[in-house]
Amino acid sequence: MESFLPFGVGAWIFISLYIGSLLIVGALAYKERKENTLKDFYLAGSGFGFVVLVLTLYATQYSGNSLFGFTGMTYRIGFSWIMSVQFMIAIVIFYQLIAVRLYRLCEKRAYITPVDYIQDRFQNRMLSLLASIVMILALSNFLLAQLMAMGRALQGLAGANSDLAYHYGVITLALIMVIYGTLGGIRAVAWTDMLQGSVLLCGFLILLFVLHAEFGSLSVATTLIADSGKADMLSKVRPPDAARLREWLSYLLIVGMGGALYPHAIQRIYAARSERVLRLSLSVMAFLPFFTTLVAVVAGIYALAYVGGFEGAASDQVLGRLLRQVQEASLFGYCLVVLLFAAVLSAIMSTADSALLSISSMLSKDIYSGFINPEASEADMTRVGKMCSWSLVVVLVSLAIVLREESSLVKLLDRKFDVLVQLVPAFMLGLRWSGMRADATLLGLFVGLIVSLTLAFGPFTFIEGGKLWGFHPGLYGLLVNLLIVLVGSYLASKRWVQNSRLQ
Amino acid sequence: MVVLIYLLLLLLAVPWYWPADDSRQLAGFPLWVLMTLFIAFCASVFTAWNLMTSSAEEETEN
């Protein structure tokens, strides 16, 4: 993004109208609300039909990272990042383990947050608290990445005033997002997601068209890379080596399982109008990586062929550099880049608003009502949730400004999943195995978190690129976590049988 | 059966079996990439089919 040419007045009017329309949608959603209840604010009352659900799931799953991070990652490692298409499909595959069962339970037990299921299933307040903390921290990390991406998006257009533009970008877009989010709740977020999802999908298709028109066919780009005569470039079109293959498998597992446990996506499962709508939406989601992540990989290959000089985290900027060339070439190219910029903002804002709303629901329902004020009414919880949204935005916007030069988007993505996958036993096993015990699940979650975070952040020389032997630390944590759950639950059930015989 | 099919797809999705020095291309994609995309597409089709046919219970319409 940092390489775009500054936009003209017309482009800014277009972008402002687009952003203004999000506020109008928020106001319409506010008018549409039926009652001042948690279900209406966080799950849209009677729920979403097919079109809204599929577009809100799509806009939520595909973030600013899908465009910039994935293009940058392809630039760094080449065609091997085609694994991103597979791991986005893996998320839908793992959804099959939880989605329908959670939806049916939600229908019977009126869940609002993902932790409502954990409390209902395990009846253990410590486990619920730890699960809430895990989800809130993982999502806050994700939200911070989106806020930073908002700043970078505007920074690239500002020329000499790029520092100021970063600050204005973060503050203005976060403000707009929190206004429509607190006005209309999930209804506003899902309706804006519909708009943003459509713009995003069109944006990816436009990107493909723009790249082909400006640089020629992909064959030429791939041949340029293969014939460059440099060993590191050649390795980017050749099949991956053993280390990369292990990393590939690791990404399939960690993103597949972790992505299926996004709290904001679980709340969309709750918000489906019917089981059939849910199944149909997930079926469509299984094909969307071919129109989204695959395009980002193709863009990365074009960048590799035609844009040189980026290394490490800086390579997340290659898409911006590529588009600058398109922008300079013609008026038509310029207009297309303006449309693409709207798609970029859509990707970032739609993910950020969903994460923000989900965090606010967990803070108000799971923490405030669960531990601070159990007598709170639904109206109180909704009000506290809105206050949490505003407070969180203030804190994260400040962090986004302070940490603006920090690590690449994919690094943030990796750590979030390391933490989230520790909830796999509670959800994926807990929904199917009635013998699973709460204390074993709590101990497994705790130890799994310690193992993965120690491996991820400890000063170990055997950790290369944040991974141990090519696998994410979270998977080692999950392995220990699962062992504790299985052995602990087995021993507890054996003890229970012995005790009942004695009695 | 469903689990076995997914394990088979996982086995084929990661291209460990492809010759390391292969440089053949089709439409700008290396052949090994097209193979992984084909497996990914099979996984999508199977997942969609499984989602739409696996419900034994009555669906809950609101």
Side-chain angles (χ1 to χ4, degrees), chain A residues 45-47 78-80 82-83 85-90 92-93 95-96 99-100 103-104 107-108 217-223 226 234 237-242 244-246 248-249 252-253 256 272-290 294 297-298 301, chain B:
Chain A
S46 59
F79 272 109
S80 291
I82 205 75
M83 68 178 87
V85 175
Q86 294 185 347
F87 66 58
M88 292 311 287
I89 297 169
V92 185
I93 293 173
Y95 266 141
Q96 292 176 101
V100 173
Y103 175 79
R104 288 175 183 170
E107 283 289 282
K108 285 181 200 152
S217 72
L218 182 65
S219 305
V220 177
T222 308
T223 308
L234 189 60
V237 292
R238 288 278 170 87
D241 59 17
R244 187 73 73 206
L245 289 170
R246 289 194 295 271
W248 188 313
L249 181 60
L252 288 187
L253 295 173
R273 183 164 293 158
S274 70
E275 190 178 316
R276 183 176 162 71
V277 163
L278 176 63
R279 287 174 179 275
L280 202 58
S281 302
L282 292 179
S283 301
V284 171
M285 284 288 289
F287 293 93
L288 291 180
F290 295 101
L294 180 57
V297 171
V298 169
I301 294 299
Chain B
M1 190 62 186
V2 170
V3 174
L4 280 179
I5 289 173
Y6 275 125
L7 283 176
L8 181 68
L9 286 168
L10 178 65
L11 197 69
L12 295 172
V14 185
W16 55 272
Y17 47 84
W18 207 268
D21 55 352
D22 185 29
S23 56
R24 288 171 296 169
Q25 288 180 34
L26 189 65
F29 289 99
L31 273 191
W32 66 270
V33 172
L34 288 179
M35 179 64 181
T36 60
L37 282 174
F38 173 70
I39 298 299
F41 185 72
C42 292
S44 296
V45 171
F46 180 65
T47 301
W49 174 82
N50 193 43
L51 274 164
M52 296 313 295
T53 57
S54 63
S55 173
E57 295 176 33
E58 282 293 302
E59 68 183 45
T60 340
E61 284 287 349
N62 283 338

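Fair warning: this is a prediction, and the values are worked out from it, not measured in the lab. Note that these values count all heavy atoms, side chains included, but never hydrogens, waters or copies made by symmetry. Lettering of chains follows the sequences in order, A, B, ..., and the numbering in each one begins at 1.
In terms of heavy atoms, B:M52 sits closest to A:S283 at SD-OG, 3.4 Å. Across every non-hydrogen atom of B:G28 and A:S219, the tightest pair is N-OG, 3.2 Å.
A donor-acceptor pair under 3.5 Å links the side-chain atoms of A:R279 to the main chain of B:L51, judged by distance alone. At distances below 3.5 Å, not a single donor-acceptor pair connects side-chain atoms of B:T47 with backbone N or O atoms of A:I93. Between the side chain of B:W16 and the backbone N or O of A:P240, no donor-acceptor pair lies under 3.5 Å.
Ranked by non-hydrogen atom pairs under 4.5 Å with chain A, the options B:W18, B:F46, B:F41 are led by B:F41. In terms of heavy-atom pairs under 4.5 Å with chain B, the best-connected choice from A:V284, A:V100, A:L280, A:V297 is A:L280. Highest contact tally toward chain B, considering only A:S217, A:A286, A:P239, is held by A:P239 [criterion: heavy-atom pairs under 4.5 Å]. Top candidate by heavy-atom pairs under 4.5 Å with chain A, chosen from B:V45, B:L9, B:L26, is B:V45.
In this structure, no portion of B:V2 lies under 4.5 Å from any heavy atom of chain A. Contacts between A:L252 and chain B at a heavy-atom distance below 4.5 Å involve the side chain alone, from C-beta outward. Of the two parts of B:L37, the backbone and the side chain both hold a non-hydrogen atom closer than 4.5 Å to a non-hydrogen atom of chain A. Proximity to chain B is limited to the side chain of A:I89, based on heavy atoms less than 4.5 angstrom apart. In this structure, chain B has a heavy atom under 4.5 Å from the side chain of A:V298, while its backbone stays farther away. Contact annotation for A:L294: only side-chain heavy atoms (C-beta onward) come within less than 4.5 Å of a heavy atom of chain B. B:A13 touches chain A through backbone and side chain together, each having a heavy atom under 4.5 Å away.
Inter-residue side-chain proximity for B:W32 and A:S80 is flagged as met; some heavy-atom pair is nearer than 4.5 Å. In this structure the side chain of B:T36 never reaches within 4.5 angstrom of the side chain of A:F79, judged on heavy atoms. Within the 4.5 Å cutoff, the side chain of B:F29 has no heavy atoms near those of the A:T222 side chain.
Note: A:M285 CE to B:S44 OG = 11.0 Å, rounded to the nearest 0.5 Å. Expressed to the nearest 0.5 Å, how far CG of A:L218 lies from CD of B:Q25 amounts to 8.0 Å.
Partners of A:Q96 under the side-chain hydrogen bond (donor to acceptor under 3.5 Å, both in side chains) rule, at least two apart in sequence or in another chain, are B:Y6, B:N50.
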